[in-house]
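Here the structure is laid out as structure tokens; the discussion comes afterwards.
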There are 2 protein chains.
Amino acid sequence: MTINHAILGILSYRPMSGYDLKKVIQDSLFMHWSGNNNQIYKALLELLEEGLVTGEVVHQENPPSKKIYTITSGGLDTLKAWTACAPEPASFRKSFLIQLAWADLLCDDALRELLRSYEEEIRLQLVMAREKIRRGSAFAARSGQEAFLWRMINENVLSSYQSELAWVERVLGQLPAALSGEVCKDEPSAD
Amino acid sequence: MTINHAILGILSYRPMSGYDLKKVIQDSLFMHWSGNNNQIYKALLELLEEGLVTGEVVHQENPPSKKIYTITSGGLDTLKAWTACAPEPASFRKSFLIQLAWADLLCDDALRELLRSYEEEIRLQLVMAREKIRRGSAFAARSGQEAFLWRMINENVLSSYQSELAWVERVLGQLPAALSGEVCKDEPSAD
DNA sequence: GGTGTCATGTAAACAGTTACATGATTTT
DNA sequence: AAAATCATGTAACTGTTTACATGACACC
């Protein structure tokens with residue numbers, strides 16, 4: 001459950017409530033969770049039990065009250081240990097590729113249309129990503145190194161979309177030749 | 001549940017058992033599921049109930065017997081309808097980026113080491129992807145168009161890894177400058 | 001009077017993984 | 001004798017999403 005680590009990371013910047021965490025996660029480029037309550041409030045309970053955060057109820061002038069969570073020194077240690085551990089491989093889930101794999105069933109126009117709508121979809125993702133970057137992080141970088149890392153993270157996300165976009169344009173460009181039946185004559189597809 | 005569509009797609013090539021499906025999915029580049037029994041056998045039950053496949057028990061000379069599933073014309077229609085529907089956006093889950101986001105806690109050497117091990121990880125993924133491609137598909141392409149699409153799918157996966165690799169190398173290249181503290185002076189990080 | 005924000009939480013479902021269980025046969 | 005392959009399936013769990021429930025206040 002990586003979301004616990006993500007929450008510890010956010011709380012390392014400043015103490016905040018579950019509600020705040022939800023917004024930070026939703027507005028983030030690289031924290032892929034939808035930011036739903038269920039996961040966040042459950043994670044906070046777990047972190048409390050493990051003593052990695054403390055929770056304090058703060059009564060405001062007007063209700064509702066909120067619970068402000070603060071990372072403990074144990075929490076900081078756990079976070080630091082996690083950041084140093086061996087990275088997991090990235091996972092790409094592109095259900096579009098599965099769609100394409102069986103798209104031989106479609107006629108030429110439908111196939112072209114399918115590729116075009118995927119292209120549109122990626123462009124949309126790119127615009128939204130850029131908008132999130134434009135709005136900036138909710139936090140100030142704590143060091144030049146951190147500012148650098150954050151720029152690299154933004155670049156990573158953008159370059160993923162750009163690579164996907166370049167690919168779909170390549171496919172659309174090669175499609176006419178492929179449809180004319182001139183392609184793949186000398187490419188046996190099974191061994 | 002996309003795996004049902006993936007299974008329909010595979011069965012559109014040839015009838016086979018759950019066990020065979022498992023292997024096809026595990027050996028595939030782009031079907032991201034682990035190929036676990038639970039999902040496959042459950043999906044097959046659903047497809048049976050919906051009448052999209054038929055199942056026939058085949059007794060072999062030596063046990064165990066197997067159940068061979070065959071796609072129905074209704075199944076083919078469903079598959080075709082699905083291939084034509086609006087594509088979902090690709091989802092990239094890179095827990096490494098979350099790790100990097102809080103990596104300010106690490107010292108220079110640990111950060112460099114972290115990036116290097118991610119680079120290694122991607123290289124490994126790339127090698128495994130190429131190996132899967134080298135072994136080839138379990139099926140012969142039914143048309144030149146299909147052969148073309150399959151090549152494009154392979155290219156997509158490879159270019160995703162290559163883009164990720166290029167990114168991590170860029171980061172490693174820029175790291176010395178970032179660590180020397182010369183970077184980001186004129187880059188306020190919040191708006 | 002309806003909609004939106006702040007703020008907590010729960011319920012139900014879907015998606016996906018690991019591990020277990022069985023039993024025969026073949027390979028090491 | 002142990003391990004791998006063929007082949008079916010189940011159990012338990014983690015992860016993730018959508019939607020619901022509550023209640024005060026503010027804004028249009």
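- Here Q39(B) reaches the OP1 or OP2 of dT17(C): one of its side-chain N or O atoms lies under 4.0 Å away.
- Using a 4.0 Å cut-off, some side-chain N or O of Y41(A) falls inside it from OP1 or OP2 of dT8(C).
- Taking a cutoff of 4.0 Å between a charged side-chain nitrogen and a carboxylate oxygen, E46(B) and K42(B) do not qualify as a salt bridge.
- When heavy atoms are screened at a 4.0 angstrom cut-off, K67(A) is found touching the sugar-phosphate backbone but no base atom.
- Taking every side-chain heavy atom of Y69(B) into account, dG9(D) is the closest of dG9(D), dC6(C), dT8(C).
- To the nearest angstrom, C1' of dT8(C) lies 12 Å from CG of D20(A).
- Distances shorter than 4.0 Å separate some side-chain N or O of S17(A) from OP1 or OP2 on dT8(C).
- Residue-to-nucleotide contacts include no donor-acceptor pair under 3.5 Å from the side chain of N38(A) to the base of dT16(D).
- Atom CD1 in I3(B) sits about 8 Å away from atom P in dT17(C), given to the nearest Å.
- The nucleotide whose nearest atom lies closest to any side-chain atom of W33(B) is, among dT16(D), dG16(C), dA7(D), dG16(C).
- Between S34(A) and dT16(D) there is no side-chain polar atom (N or O) within less than 4.0 angstrom of OP1 or OP2.
- Between Y13(A) and W150(A), the distance from one ring center to the other falls under 6.0 angstrom.
- The residues R116(A) and E120(A) are annotated as not salt-bridged, no charged nitrogen and carboxylate oxygen being separated by less than 4.0 angstrom.
- Remark: N37(A) is not in phosphate contact with dG9(C), judged by side-chain N or O atoms under 4.0 Å from OP1 or OP2.
- Both G18(B) and G35(A) lie near DNA chain D, and the one whose nearest nucleotide falls closer to the 5' end is G18(B).
- Contact annotation for H32(A): backbone-only contact, meaning every heavy-atom pair under 4.0 Å involves sugar-phosphate atoms and none involves a base.
- A salt bridge links R135(A) with E131(A): at least one charged nitrogen is closer than 4.0 Å to a carboxylate oxygen.
- In this model, the phosphate group of dG15(D) is not approached by any side-chain N or O of R93(B) to a distance below 4.0 Å at OP1 or OP2.
- The CE atom of M31(A) sits 13 Å away from the P atom of dT17(D) (whole-angstrom rounding).
- Note on E119(A) versus R123(A): salt bridge recorded, some NZ/NE/NH1/NH2 to OD/OE distance being below 4.0 Å.
- Atom CD1 in I40(A) sits about 13 Å away from atom P in dT18(D), given to the nearest Å.
- What separates CG of N4(A) from C1' of dT14(D) is a distance of 12 Å, to the nearest Å.
- Remark: K132(A) NZ is packed, more than 12 non-hydrogen atoms of other residues, nucleotides or ligands lying under 6.0 Å away.
- As rounded to whole Å, 11 Å separates atom P of dT17(D) from atom CD1 of I25(A).
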Listing, residues 89-100 of chain B side-chain donor-acceptor contacts under 3.5 Å, not counting sequence neighbours, or none:
residue, atom, partner, partner atom, Å
K94(B), NZ, N156(A), OD1, 2.8
K94(B), NZ, S160(A), OG, 2.6
K94(B), NZ, E164(B), OE1, 2.8
Q99(B), NE2, W82(A), O, 3.3
Q99(B), NE2, T83(A), O, 3.3
Q99(B), NE2, C85(A), O, 2.6

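- Two end axes, each from the C1' atoms of five base pairs, can be drawn for the helix from dG1(C)-dC28(D) to dT28(C)-dA1(D); they diverge by 30°, to 10 degrees.
- Between I68(A) atom CD1 and dA7(C) atom P there is a gap of 8 Å when expressed in whole angstrom units.
- Per the geometry, CG belonging to L21(B) stands 15 Å off P belonging to dC6(D), to the nearest Å.
- Contact check, Y19(B) against dC6(D): a side-chain N or O comes under 4.0 Å of OP1 or OP2.
- Taking a 6.0 Å sphere around CD of E50(B), one finds it holds more than 12 heavy atoms contributed by other residues, nucleotides or ligands.
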